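Remember, predicted model here, so these are calculated numbers, not experimental data. Chain A is the first sequence line, chain B the second, and so forth, proteins listed ahead of strands; every chain is numbered from 1.
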Amino acid sequence: MKFSLEKLKFGLFKTKENLLGRISQAVGLHKKIDQELLDELEEILIKADVGPSTTVRIVEGVKKEATKNKIEASEKVIGLLKDQVTSILTAGETSSNDLFSPHVIMMVGVNGTGKTTSIAKLAKDFKDQGKKVLMAACDTFRAAAGEQLEIWAKRVGVEMVKSMPNQDPASVAFDAINSASARGLDVVIADTAGRLHTKVNLMEELKKIKRVMGKALSGAPHEVLLVIDATTGQNGLSQVRMFNDAVGITGIFLTKLDGTAKGGIMIAIADEFKVPVRYIGLGEKPEDFQKFDPVWFAEALFT
Amino acid sequence: MFEDLTIKLEGIFKKLRGRGKLSESNIKDALKEVRLALLEADVNYKVVKEFISQVEVKAIGQEVLRSITPGQQIIKIVNDELTNLLGKERVEMMFSAQPPTVFMLVGLQGSGKTTACGKLARYYRKKGRFPLLVAADVYRPAAVDQLKILAKMLDIPIFSSKDDPVKICEASVERARKDGKDLVIIDTAGRLHIDEPLMLELLNIKKAVSPQEIVLVADAMTGQDAVNIAKTFEEKIGLDGIFLTKMDGDARGGAALSIRAVTGKPIKFVGVGEKLDALEMFYPDRIASRILGMGDVVSLVEKAEETVDLEEAKKLEKKLKKETFTLDDFYAQLQQIKKMGSLESILEMIPGMGGKMMKGLKIDDKAMVRVEAVINSMTKAERQKPHIIDGSRRKRIALGSGTSVQHVNQLLKQFFMMQKMIKNFSKMDLKKFEKGFFSFR
């Protein structure tokens, strides 16, 4: 995947318009960094789904830096804000890019966040790197989920392990990993059924899938990616907490960041958890996504 | 449903309740906390601002300060204002005098449109309509297949073709007319509200079939953007109502409050699960009291009335009179309760069970399944005369049901206790007992 700041900027156009546009407007109305301007910043951040507690922390940070360095001019506030956001985003643990053989990735998330489309994106990216990819249709619950994945597999040009409706999803994962090991494939990406994180039984099922993966191949899954919809509000925190408790998330795939999505929840998540954002989805086509780089992201957002 | 918000508000109100007199600053402090709770619940910033200032004006007004129970007064004001925000009364779906009536479901990707279509079709067939499902999502891979599978599960006809969405919808209404179907439910493709070409397509569908109801399907977990999404759909194509989905999670429901407040469009339905019967009507006043932790008894009673079989209840009454309550009857009762939905959703409606009570209390629907399995593994004789179940029978039952002897013991213990209770009751006023216990009438 080629990293392109232009593309990222374009994808984040709406988010940015929301954030930077409003901040610039607020800055224009004030000469100095005063309480009024800070209150407006607070409003803008909350409206971008950053959440009340992280927002307060950011605004306090801006205020502190401004006083400490005797910064008064209001236009400097954007830079201060960018620093605060960058430091929050980079605080998360970085994840390694090592690939195991086969490298097993498990995708989890609530309903309708875009797990299947995100799998297509990852698969295409690995395939473009010359890797042999196998998809596993472990969503055996939702009507036509398998068909949806199959269409993507064909479009992207990778193989897929099919499943029967209501088949035990763990068995599908088991078969896929065994088949990949036997045939020397490089990457296995497992789709799981969307589930609300509050459903105890469904979370237990997810744990079982993960356990069984480990039985097929010791150490698997090597990555557990939580797919979160960027339009999600503060509920995103609860999603991260509970999926992490259940299956130990290694990273986040933030989808639907194009459009008007605000994605401020990502800042709140980074502030509260150590789970890094790995990828961001910026459209419906398989190539519409990017690896997440906090510095670049803050750059794209604030300049 | 609104657990977390309820807990927060309960805590704030508790502090207020404890005071005999409230000063202006007491009220302001409390409202600051209410503001934070609402923001954390994803209620739109502007809506929160207005809400708080409304409550403040009323709360700092004369009545509260002079009242003997100022805390209660404030709670009442918050409750009233919440109900106001949510819309005062339930708004029903509109039906055309000349069938077929057309419902068109729109929304972002992944909000749950297809499932919502299935739920509405099921619901209105139960109400005596003849629905036709229409697959107008030609973009998302396998979207048509998904609706087809739902239609098959429900045994409801579906219309689909390889045409473009506008033509599909037009043709579907024709088909409905010909086949004598009086309700057409259109599943459109998910789209971003800023996607001009796709929004235009919706407008063209609207022009072609002039639907009675254009329903926005919105995810309850949506953040501050919920309002913009709803507003754009309203401006571009016009909305008649909202179907709020995924309300069975721990979403705090701020989206619900905000969408109604900003667009003025009523929330009509609430999706509370992946199964096709997981559909609730939206009643603003009931939801407001649920948010405040006061429960929703009306909905509970209605749910019970809808599902409890009168015949069964009468049969049971006879049995009780003869004091022959067996495991078979116990089993039948379980089935009745099961029809009402998940235990969690039932408990949520009981006053005092919302908020703190529910937090951390994970209800295991599997427990019911286990009890069923145990009873299913018993012989007829054992079910009629449970006292014959000895040690070796217990072992067999445990093995047969895939549970353990402990589970069997537990169930039998519960059953014997119930039997004893019923004996005592039937000596008292049976009518009264039945009223309160089994039929919820």
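- Neither the backbone nor the side chain of B/Arg191 comes within contact range of chain A; no heavy atoms are under 4.5 Å apart.
- Heavy-atom pairs under 4.5 Å with chain B were tallied for A/Ala145, A/Gly236, A/Ala144; the largest tally goes to A/Ala144.
- Although no hydrogens or angles enter the test, the distance criterion places no donor-acceptor pair under 3.5 Å between the side chain of A/Arg142 and the main chain of A/Thr140.
- Side chain of B/Thr245 to main chain of B/Ala218: a donor-acceptor pair is present (N/O by atom type, distance under 3.5 Å, no hydrogens or angles).
- With respect to chain B, the highest number of heavy-atom pairs below 4.5 Å among A/Thr117, A/Ile46, A/Thr113 belongs to A/Ile46.
- Taking CD1 from B/Ile185 and CZ from B/Arg122, the interatomic distance works out to 12.5 Å, rounded to the nearest 0.5 Å.
- Judged by distance alone, the side chains of B/Glu274 and A/Asn111 do bring a donor and an acceptor atom under 3.5 Å apart.
- Counting non-hydrogen atoms of other residues, nucleotides and ligands closer than 6.0 Å to NZ of B/Lys236 gives a total above 12.
- Heavy-atom distances place the side chain of A/Leu202, and not its backbone, under 4.5 Å from chain B.
- The part of B/Lys49 that comes within reach of chain A is its side chain, from C-beta onward, which places non-hydrogen atoms under 4.5 angstrom from that chain.
- Proximity to chain B (any heavy atom under 4.5 Å) is restricted, for A/Gln239, to the side chain, taken from C-beta onward.
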